[in-house]
Amino acid sequence: MDLYFYNTLTKQKDKFEPIDLEEVKIYSCGPTVYKDATIGNMRTNIFQDILRRVLRYNGYKIKHVMNITDVGHLVSDGDEGEDKMLKSAREEHKTPLQIAEYYTELFFNDLKLLNIETPEIVCKATDHINEMLEYVKKLVENGYAYETSTAIYFDISKLDKYPILSNLDLEKQKAGARVDIDREKRNPADFALWIKAPENHLMKWDSPWGASYPGWHIECSAMGQKYLGEQFDIHTGGIDLIPTHHENEIAQSKGRCGKIPANYWLHGEYLLINGGKMSKSLGNVYLVKDIIEKGYDPIVYKLFSYSCHYRNKLNFTWEGIEATSKSLERLRNSYKINLNGNDKLTQQDKDKLLQIEENFHKAINDDLNMPLAMSYVWEVARFEKKNEEVAKLLAKFDTVLGIKIDEDNSKKEEIPEEILELVEQRKIARENKDWQKSDELRDLINQKGYSVKDTKNGAEIKRI
RNA sequence: GGCGCCUUAGCCAAGCGGUAAGGCACGAGUCUGCAAAACUCUGAUGAUCGGUCCGACUCCGAUAGGCGCCUCCA
């Protein structure tokens, strides 16, 4: 079945045709590890995870590279106030590198909690200083870069066309742009490839230009080329990366080898909080940890993100999470019921399931349309006949969804001995049809923070 | 100032030029000692206005409201 992606480069849905039919090569811009990853960051990672899973559903093998930015963004570039990185390093009595390691670990823990697959290759910027340096040297050699007293800059006027992803008109931008005080730059939009380190700079390396450190965009170009070659299939990232980071990555690649590094550029939209932007000043920055603390399975957030297409803004609300929590429970419930179902499937039923399966496939192949795909998942979950085949189809869908549909809803957490004892007493009361005592015991259990629900397989106990 | 996006039932949110998927909530019901679960049923004419068309939510234009980017940001 054909697969289509909306391509920021062409501004339309393009049919996907990989360079190498055997293996799709993807590069994703990963986290800058100097602070906690938010659920907004995670939305992008979920989108990238879906991309991987959909490609695999279509039979492709994948080579996916994701970078860890542990240098370059670490030190503020002339902003006022203390740098966050240095601040946390000082507060926690750690080096910048230790901070990077700490947040890298947290990041991967979040991925795990959300059942997001780890890319085949994860690479740190600091491990590729040489590659970056070589890349910059080559750009200088090719005449696309020049040195100033503070840095090596990329000269965008050497390109046939500079902003090619976004519709920005640099000429028109000039009027409203902030004043650029760097008179050494040839063009206002020239960006730093390699920066000469000030005396007190914590991370710096030797280079032909003295102690210095890489600019903000060179790492992705250098590592992308190293692991995936001059040209690969898909490049992903958040929508905010379009105007600068990805634009500059393309510029660098064109300057070095005359090619746009990737054929398909996919960008994920922002997550909004209560209709607005997530920001610390509004106190609405949420982490995966916060979702867990409110008592939800973190997978709920993943499922929640499927209610909206990745190229549209998704509005996060706790009401939405609560609603999705119910949905997840029902989907898992349906899986379990179907697994033990004994209804016979007629040929007509089987045809119907096949049709739904095809619709699902069509939806995910149409630029990862998860909201539409979910409607087909529900058709299966609510299929009138309960049968193992239905459960198998749900499991197949779950290779794309990754919501652990086979996981038991009843939490595996420890139920206190006291509660178990009360539940046992209630069971006896119910067997004796002593409903009054049974209800009293249920109230008591509720008071102690647990709920009891009678199912065919006995009492289900959950923490409230 | 420039560029772009969004506005669909109480909430979230898709597809589609020919009369609107799905989820949650609400309500009704089946089942069960009750509750829960499960299952069944139930709701919108598409921000406003105008145009094109045999026909528009779906194309074009305008208006209103909301949002994003142009500066680090997923």
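In what follows, chains carry the letters A, B, and so on, assigned in the order in which the sequence lines appear, proteins first and then strands, with residues in each chain numbered from 1.
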Residue from A/F191, A/Y153, A/F154 passing ring pair (Phe, Tyr, Trp, His ring centres under 6.0 Å) with A/H217
A/F191

Quote, to the nearest angstrom, the [atom1] distance that separates [N] from [M].
{"N": "B/A9", "M": "B/C49", "atom1": "P", "value": "16 Å"}
{"N": "B/G61", "M": "B/G10", "atom1": "C1'", "value": "33 Å"}
{"N": "B/U63", "M": "B/G22", "atom1": "P", "value": "37 Å"}
{"N": "B/G50", "M": "B/G43", "atom1": "P", "value": "30 Å"}
{"N": "B/G15", "M": "B/A56", "atom1": "C1'", "value": "15 Å"}
{"N": "B/A47", "M": "B/U58", "atom1": "C1'", "value": "16 Å"}
{"N": "B/G66", "M": "B/C59", "atom1": "C1'", "value": "24 Å"}
{"N": "B/A13", "M": "B/G27", "atom1": "C1'", "value": "22 Å"}

Would you indicate what A/S438 reaches in the nucleic acid, counting non-hydrogen atoms under 4.0 angstrom: base, sugar-phosphate, or nothing?
base

Using a heavy-atom cut-off of 4.0 Å across all strands, would you classify A/G40 as base, sugar-phosphate, or nothing?
base

Distance-only donor-acceptor test (3.5 Å): side chain A/N369, base B/G15:
no

Closest listed nucleotide, where the reference is the side chain of [X] and the choices are [options]:
{"X": "A/K277", "options": "B/C73, B/A13, B/A74", "value": "B/C73"}
{"X": "A/H309", "options": "B/C34, B/C69, B/A14", "value": "B/A14"}
{"X": "A/D454", "options": "B/A25, B/A35, B/C5", "value": "B/A35"}
{"X": "A/K326", "options": "B/G33, B/A25, B/C5", "value": "B/A25"}

Residue-phosphate contact under 4.0 Å: A/N312 side-chain N/O, B/A14 OP1/OP2:
yes

Steps toward side-chain hydrogen bond (donor to acceptor under 3.5 Å, both in side chains) verdict (A/N67, A/E219)
CA-CA 8 Å; A/N67 65 293; A/E219 60 170 281; 2.9 Å; yes

I need the [atom1]-[atom2] distance between [X] and [N], as an integer number of Å.
{"X": "A/N248", "N": "B/U71", "atom1": "CG", "atom2": "C1'", "answer": "13 Å"}
{"X": "A/R311", "N": "B/C67", "atom1": "CZ", "atom2": "P", "answer": "22 Å"}
{"X": "A/I239", "N": "B/C3", "atom1": "CD1", "atom2": "P", "answer": "17 Å"}
{"X": "A/E319", "N": "B/A13", "atom1": "CD", "atom2": "P", "answer": "13 Å"}
{"X": "A/E322", "N": "B/A25", "atom1": "CD", "atom2": "P", "answer": "8 Å"}
{"X": "A/L271", "N": "B/C12", "atom1": "CG", "atom2": "P", "answer": "14 Å"}
{"X": "A/R43", "N": "B/A13", "atom1": "CZ", "atom2": "C1'", "answer": "12 Å"}
{"X": "A/N340", "N": "B/A37", "atom1": "CG", "atom2": "C1'", "answer": "15 Å"}

Checking A/K294 now: which residues fulfil side-chain hydrogen bond (donor to acceptor under 3.5 Å, both in side chains) with it, not counting sequence neighbours?
none

Donor-acceptor contact below 3.5 Å, side chain A/D367 vs main chain A/Y6
yes

Partner lookup for [N], please. Criteria are Watson-Crick or G-U wobble with both distances under 3.5 angstrom; report none if nothing qualifies.
{"N": "B/G1", "result": "B/C70"}
{"N": "B/C53", "result": "none"}
{"N": "B/A47", "result": "B/U63"}
{"N": "B/G10", "result": "B/C24"}

N/O-N/O pairs, protein side and nucleotides 29-31 of chain B side, under 3.5 Å:
none

Below 4.0 angstrom, N of the basic side chain to O of the carboxylate: do [X] and [Y] qualify?
{"X": "A/D233", "Y": "A/K25", "value": "no"}
{"X": "A/E120", "Y": "A/R52", "value": "yes"}
{"X": "A/R442", "Y": "A/D439", "value": "yes"}
{"X": "A/D110", "Y": "A/K289", "value": "no"}

Nearest heavy atom decides the nucleotide; on that basis, is A/M42 or A/L314 closer to the 5' end of RNA chain B?
A/L314

Residue closer to the 5' end of RNA chain B, A/L241 versus A/F304 (nearest nucleotide):
A/F304

Which atoms of nucleotides 18-23 of chain B (N or O only) lie under 3.5 Å from a protein N or O atom, and what are those distances?
| unit_1 | atom_1 | unit_2 | atom_2 | d |
| --- | --- | --- | --- | --- |
| B/G23 | OP1 | A/R382 | NH1 | 2.4 |
| B/G23 | O2' | A/S327 | OG | 2.4 |

Whether A/Y27 and A/H235 hold their rings parallel, tilted or perpendicular, with breakpoints at 30° and 60°
tilted

Roughly how far apart are A/D434 CG and A/E440 CD, rounded to 0.5 Å?
8.0 Å

Is the cationic atom of A/R43 (NZ for Lys, CZ for Arg) positioned less than 6.0 Å from the six-membered ring centroid of A/Y310 and within 45 degrees of its normal?
no

Any side-chain heavy atom of A/W216 within less than 4.5 Å of one from A/H245?
no

